[in-house]
Structures are given as C-alpha cells and as structure tokens.
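Report on the following structure.
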Amino acid sequence: EDGSEKMVVYGDNGEVYYTLDGSSFTEITGITANLNGGGIATDQYYPGVVGDEGKYYSLVGGTATELCVGLTTENLNAAVGDDASVYGFGVGDNGTIMRADFTDPDNIVCTLRDSGKSEHLYSITMDTSGGESAFAVGANGTFILTEDFGVTWITMDTGVSVDLNVIGFLGNTVTMAGDDGALIQT
C-alpha cells in the first residue's frame with residue numbers, strides 16, 4: 001500500500017466518507033444526490049461516485065466536483081475508472097452509459113454512449129492491465145463489453161434471464177453474479 005488508494009463509502013442524501021488506512025474516515029461534503037455506485041483508482045481523477053438523475057462526482061483531495069453536468073437524467077448505478085487509462089464510465093437505468101475522457105484534466109469531455117440495450121445496467125468493471133476493455137451487466141441477463149475504450153459496445157449472450165448485479169475479475173477471469181445464485185465466468 002503506497003497510501004494513494006482510497007476506499008469510499010457512500011449512500012443516500014450525498015453522504016460520502018473516504019479512508020486511506022481503513023480505520024479513520026473523513027466526510028466529503030457538497031453532494032446532495034442519492035449515490036448508487038463508485039469507482040476507485042489511484043490517479044488524480046478518482047475515486048468517483050454516481051447517483052440519481054445522472055449525477056457523476058469526482059472526489060479528488062477530499063472535494064466533490066460534479067462532472068458531466070446535465071448530460072442525462074437517468075439514474076447511474078455504478079462507476080469505474082483506473083490508472084491504466086484516462087477514461088471513466090458510469091452505467092445506469094435504461095442502458096445508459098456515460099463516458100468521461102480525462103485526457104485533458106482542464107477540459108473533461110463527457111459523452112453518452114449507445115449500449116444497444118434498454119435494460120438497467122447495475123455494475124461495470126475494466127481491464128486494469130492497460131487494455132481497452134470494459135464489461136457491464138444488468139437486468140434480464142444483460143452482459144455487454146467494449147474493446148475500444150467505450151466507443152462501441154457489444155452484447156454477449158449469458159444464457160440466463162435473471163438480473164446480473166455484480167461483475168469483476170477473479171484473476172484473469174471475468175465473473176458475474178446475479179439473482180437466484182447465478183454465477184457466470186468467461
């Protein structure tokens with residue numbers, strides 16, 4: 001641990017706390033939205049949190065800064081970003097994907113990307129080895145991926161119709177978990 005990673009906890013009415021050591025927490029103020037998901041990386045732009053009505057906040061240096069203002073009113077449910085790329089993503093209701101490009105920190109560019117899906121998206125993860133891939137899951141067995149930093153998204157068949165609520169890596173394996181004990185690995 002080099003002290004640069006932060007753990008963030010968040011919830012309703014903009015409550016956000018972070019820690020560098022896992023034992024003492026500091027409150028971050030200035031957020032009023034209900035928060036639904038967060039993404040953590042060690043670069044200067046993250047951690048970040050997303051919430052109701054398209055809210056996307058960067059939490060740099062203990063300060064909340066709203067990004068991508070007015071881009072969508074859909075609820076965002078999860079966020080991800082990492083040191084290996086200059087992109088962050090928020091995913092949410094009705095297939096919403098918000099992409100934040102941090103190439104120029106003085107001019108962060110946010111765009112909505114077409115997921116090709118209308119189902120709610122609940123979780124997203126990224127290839128943290130420097131690749132261009134990200135993976136998201138959601139309602140009714142939805143599984144989508146990008147291999148070009150979120151420019152285009154591809155629908156993959158999971159063989160299930162239950163909601164998939166969480167996605168992440170176990171080693172080099174993408175693992176999804178959902179309702180009724182669904183567990184899928186690719």
Side-chain angles (χ1 to χ4, degrees), residues 4-20 22 24-83 85-115 117-126 134-140 142 144 146 149-150 153 163-168 178-179:
S4 62
E5 282 194 343
K6 296 177 181 174
M7 178 174 45
V8 177
V9 294
Y10 48 84
D12 290 345
N13 301 313
E15 287 190 279
V16 181
Y17 298 87
Y18 75 95
T19 181
L20 296 175
S24 61
F25 287 81
T26 302
E27 183 177 12
I28 297 175
T29 60
I31 299 174
T32 57
N34 289 332
L35 301 173
N36 304 320
I40 298 175
T42 58
D43 69 10
Q44 62 180 324
Y45 309 113
Y46 279 88
V49 292
V50 295
D52 290 354
E53 299 180 355
K55 301 297 185 186
Y56 189 162
Y57 296 92
S58 173
L59 305 175
V60 178
T63 302
T65 303
E66 187 173 354
L67 305 175
C68 313
V69 176
L71 197 58
T72 183
T73 57
E74 295 288 353
N75 293 339
L76 297 175
N77 301 316
V80 69
D82 78 88
D83 285 342
S85 76
V86 293
Y87 298 99
F89 299 97
V91 297
D93 291 355
N94 299 308
T96 300
I97 299 177
M98 184 182 292
R99 177 180 180 241
D101 180 341
F102 298 103
T103 303
D104 178 356
D106 295 323
N107 184 31
I108 298 167
V109 178
C110 297
T111 55
L112 290 178
R113 306 309 305 175
D114 183 4
S115 69
K117 305 302 285 181
S118 60
E119 287 84 4
H120 294 345
L121 299 172
Y122 300 130
S123 183
I124 186 167
T125 192
M126 288 180 79
F135 311 84
V137 294
N140 303 315
T142 298
I144 58 175
T146 182
F149 293 122
W153 291 82
D163 290 355
L164 297 174
N165 303 307
V166 177
I167 189 166
D179 292 354

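Note that the numbering runs from 1 along the sequence shown for the chain.
- We find the CG-CD distance between Leu112 and Glu74 to be 9.5 Å, quoted to the nearest 0.5 Å.
- Under a 3.5 Å cut-off, the side chain of Asn77 and the backbone N or O of Leu121 do form a donor-acceptor pair.
- Closest heavy-atom contact between Cys68 and Ala100: SG-CB, 4.4 Å.
- The two residues Tyr122 and Leu164 come nearest to each other via the heavy atoms CD1-O, 3.4 Å.
- To the nearest 0.5 Å, the span separating OG1 on Thr142 from CD1 on Ile167 amounts to 11.5 Å.
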Notebook entry, point to check: Between Asn13 and Asn34, does a side chain to side chain contact (heavy atoms under 4.5 Å, CB included) hold up when you go through it step by step?
Noted result: CA-CA 5 Å; Asn13 301 313; Asn34 289 332; 3.8 Å; yes
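- Not one N or O on the side chain of Ser123 forms a donor-acceptor pair closer than 3.5 Å with the backbone of Val137.
- Asp163 pairs by the side chain to side chain donor-acceptor pair (under 3.5 Å) definition with nothing, not counting sequence neighbours.
- Summarising the geometry of Tyr56 relative to Phe89, their closest heavy-atom pair is OH-N, 3.9 Å, with the distance given to 0.1 Å.
- Asp101 places no side-chain N or O within 3.5 Å of a backbone atom of Tyr87 that could act as its donor or acceptor partner.
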Next item on the list: Verify side chain to side chain contact (heavy atoms under 4.5 Å, CB included) between Ile97 and Ile124, making sure each step is shown before the conclusion.
Entry: CA-CA 10 Å; Ile97 299 177; Ile124 186 167; 5.7 Å; no
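- With hydrogens and angles ignored, the 3.5 Å screen pairs no side-chain donor or acceptor of Tyr57 with any backbone N or O of Ile31.
- For Glu66, the CD atom is densely surrounded, since the number of other residues' heavy atoms within 6.0 Å is greater than 12.
- Side-chain contact between Leu76 and Thr96: present, with at least one pair of heavy atoms (C-beta onward) separated by less than 4.5 Å.
- For the atom pair OG1 of Thr26 and OH of Tyr18, the computed distance is 4.5 Å after rounding to the nearest 0.5 Å.
- The side chain to side chain donor-acceptor pair (under 3.5 Å) test applied to Thr146 returns Asp148, not counting sequence neighbours.
- Using a 4.5 Å heavy-atom threshold, the side chains of Arg99 and Phe149 count as touching.
- Here the closest heavy-atom approach between residue Ala136 and residue Val91 is recorded as CB-CG1, 4.4 Å.
- In plain terms, the two heavy atoms of Asn75 and Glu53 that are nearest each other are OD1-N, 2.9 Å.
- Across all non-hydrogen atoms, the minimal contact from Lys55 to Ala33 is CG-CB, 3.6 Å.
- Take Glu15 and apply the side chain to side chain contact (heavy atoms under 4.5 Å, CB included) test, not counting sequence neighbours, and it matches Tyr17.
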